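These notes are about the structure you will find just below.
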2 protein chains.
Amino acid sequence: MIEAADKKREQILDKALTRFAHFGINKTTMNEIADDLAISKPSLYYYFPDKISLAVAVAGKIFDEFFRRLNSIKENAGSTKNALFAIIELRKEYFEKYYMLHLTESTTELNINNESFRKLMEESREKEKTSIQEVFTKDESLSQFPAEPIADLYLDSIMGLGMFLMAKQTKQLLPETKGLEEVIAKQKALTEIFLDGLANRA
Amino acid sequence: MIEAADKKREQILDKALTRFAHFGINKTTMNEIADDLAISKPSLYYYFPDKISLAVAVAGKIFDEFFRRLNSIKENAGSTKNALFAIIELRKEYFEKYYMLHLTESTTELNINNESFRKLMEESREKEKTSIQEVFTKDESLSQFPAEPIADLYLDSIMGLGMFLMAKQTKQLLPETKGLEEVIAKQKALTEIFLDGLANRA
DNA sequence: ATTTGACTAATTAATTCAAAAAGTCAAAAG
DNA sequence: CTTTTGACTTTTTGAATTAATTAGTCAAAT
């Protein structure tokens, strides 16, 4: 019964995701996940060969959902600017939701040395770049220059701005209630100037 | 003889700078600095109350020199673009030169909790922002919109891009011979689009 | 094919302790 | 009175040891 096994795998993924999102990967033990599901640890290991595989599978699930949303935005957003703004909001949503997994920076959780995780992250970044690229390509008024390096530069700039501002706030002792809002605002402001800059060259 | 004391302080600063730049602050001991100068440790402590004060004084010296160069660029560069490009190169030069002091990111060296260091860094960032702001203000074609938020956004974007790309490269196992060159290239590319974007709005 | 109790192996966290480095002081030298 | 120092104390750092937790395995059972 391959179907049933898949269903169980999904159940495990769901429970694991919940714990990971709450406490992070390192602070979640395989025993806890097994207990949550009211199964034994060996059962858990029957479905996933090790903890990293489980974590990578969870991360993969999150990315799948993310890219489904991203594609939907890409297809339906009216203008280029609207699309890029919506993508900024989407990234924010996922950042807040899965903050504990540190899927963004590669510092602590999920040892960066791990091959399959690094691959997943790399592929995801590539995928996101391609999506952004398609957003630019769709815009006829920007068809003059190659979309790939532009998308690359845009994405690096937006991500860098996000990382930088977050880092700045973290090491500040001041109130950070607004926090993400400032990041989003600046990312949008940069997006606007960026698009104007391209339009100006066209 | 206040004059002689100042001269000695300068000598100490110079030697300390050399060691700090080579080995980093943490890996340099007060004994080594004293030995370099052929004086005893208590003598060293006669001029600087503690190691942090010494390190902060060294960092201050570096920043002073940096801002002297920055101002010279600001005064002499022809176009706005030239000025911003030259500043990017200047930052690169200082980053390479004083890499070991980690004056940029606030991770390891010089405990970020230290009050006087945090103050120095904050003031320096503010100063740099003001300089960039003046570069924008000088450009009559951009006099329509407020220079302050524009300079702020530009600086955050450029710094973020730099940090982000460096972090990316660090955690990559690939050749990084080019390394900084890619960073500089992208910072310049973003600068161009940014300026075009402003021009387009004006 | 799936599950588990009872195990082992590997990692992580806490503790100890010695070495290194920071920092002090009373006395001396110019 | 300013500057310097040998000899000292206090703190910090890092390696080594150990205890505890957690990852991962296996033979047997359903």
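Side-chain atoms are counted along with the backbone in the values below, which use heavy atoms only and exclude waters and symmetry mates. Naming: A, B, ... by sequence-line order, numbering from 1 per chain. Note that this is a predicted model, so its numbers are computed, not measured.
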Task: Test item: Ser143(A) side-chain N/O and Asp139(A) main-chain N/O as donor-acceptor pair under 3.5 Å - done: no

TODO: Give a yes/no answer on whether the side chain of Ser43(B) brings an N or O atom under 4.0 Å of OP1 or OP2 in dT5(D).
DONE: yes

Open item on the list: Looking at Lys8(A), I'd like to know whether one of its side-chain N or O atoms comes within less than 4.0 Å of OP1 or OP2 on dA1(C).
Closed with: no

Task: Partners meeting ring-ring contact (aromatic ring centres under 6.0 Å, His included) with Phe95(B) (sequence neighbours left out) - done: Tyr99(B)

- [ ] Please report, rounded to the nearest Å, how far the P atom of dT22(D) is from the CG atom of Leu44(A).
- [x] 15 Å

- [ ] Before accepting this row, confirm whether a basic side-chain N of the pair Lys186(A)/Glu182(A) lies closer than 4.0 Å to the acidic partner's carboxylate O.
- [x] yes

Task: Check: Ser53(A) side chain, Pro49(A) main-chain N or O, donor-acceptor pair, under 3.5 Å - done: no

Open item on the list: For the aromatic rings, using the six-membered ring if either is Trp, is the centroid distance between Phe164(A) and Phe164(B) under 6.0 Å?
Closed with: no

Task: Nucleotide dT2(D), atom C1' - distance to CD1 of Ile39(B) in whole Å - done: 15 Å

Open item on the list: Whole angstroms only, please: what is the CD1-C1' distance between Ile52(A) and dT11(C)?
Closed with: 12 Å

Open item on the list: With a 4.0 Å limit, can you tell me whether Tyr46(B) has a side-chain N or O closer than that to the phosphate oxygens OP1/OP2 of dT3(D)?
Closed with: yes

TODO: Starting at atom CD of Gln11(A), determine the distance to atom P of dT2(C), rounded to an integer number of angstrom.
DONE: 13 Å

Task: Whole-Å gap separating P (dT22(D)) and CZ (Phe23(A)) - done: 13 Å

- [ ] In whole angstrom, give the distance that lies between atom NZ of Lys27(B) and atom C1' of dT12(D).
- [x] 13 Å

- [ ] Starting from C1' on dA10(C), measure out to NZ on Lys51(A) and report it in whole angstrom.
- [x] 13 Å

TODO: Check salt bridge (charged side-chain N to carboxylate O under 4.0 Å, His left out) between Lys15(B) and all other residues, then give those that pass, not counting sequence neighbours.
DONE: none

Open item on the list: At 4.0 Å (heavy atoms only), tell me whether Thr28(A) reaches a base, stays on the sugar-phosphate, or touches nothing.
Closed with: sugar-phosphate

Open item on the list: Within the 4.0 Å limit for protein heavy atoms, which parts of nucleotides 24-30 of chain C are touched? Write it as a string from 5' to 3', B for base, S for sugar-phosphate only, - for none.
Closed with: BB-----

Open item on the list: Students often get this wrong, so: under 4.0 angstrom with heavy atoms, is Phe48(B) touching a base, only sugar-phosphate, or nothing?
Closed with: nothing

Open item on the list: Counting the atoms with a prime plus P, OP1 and OP2 as sugar-phosphate, which does Thr29(A) contact under 4.0 Å by heavy atoms, base, sugar-phosphate, or nothing?
Closed with: sugar-phosphate

Task: Salt bridge flag under 4.0 Å for residues Glu122(A) and Arg118(A) - done: yes

- [ ] Rounded off to whole Å, could you give me the CG-to-P distance for the Asn31(A) and dT4(C) pair?
- [x] 13 Å

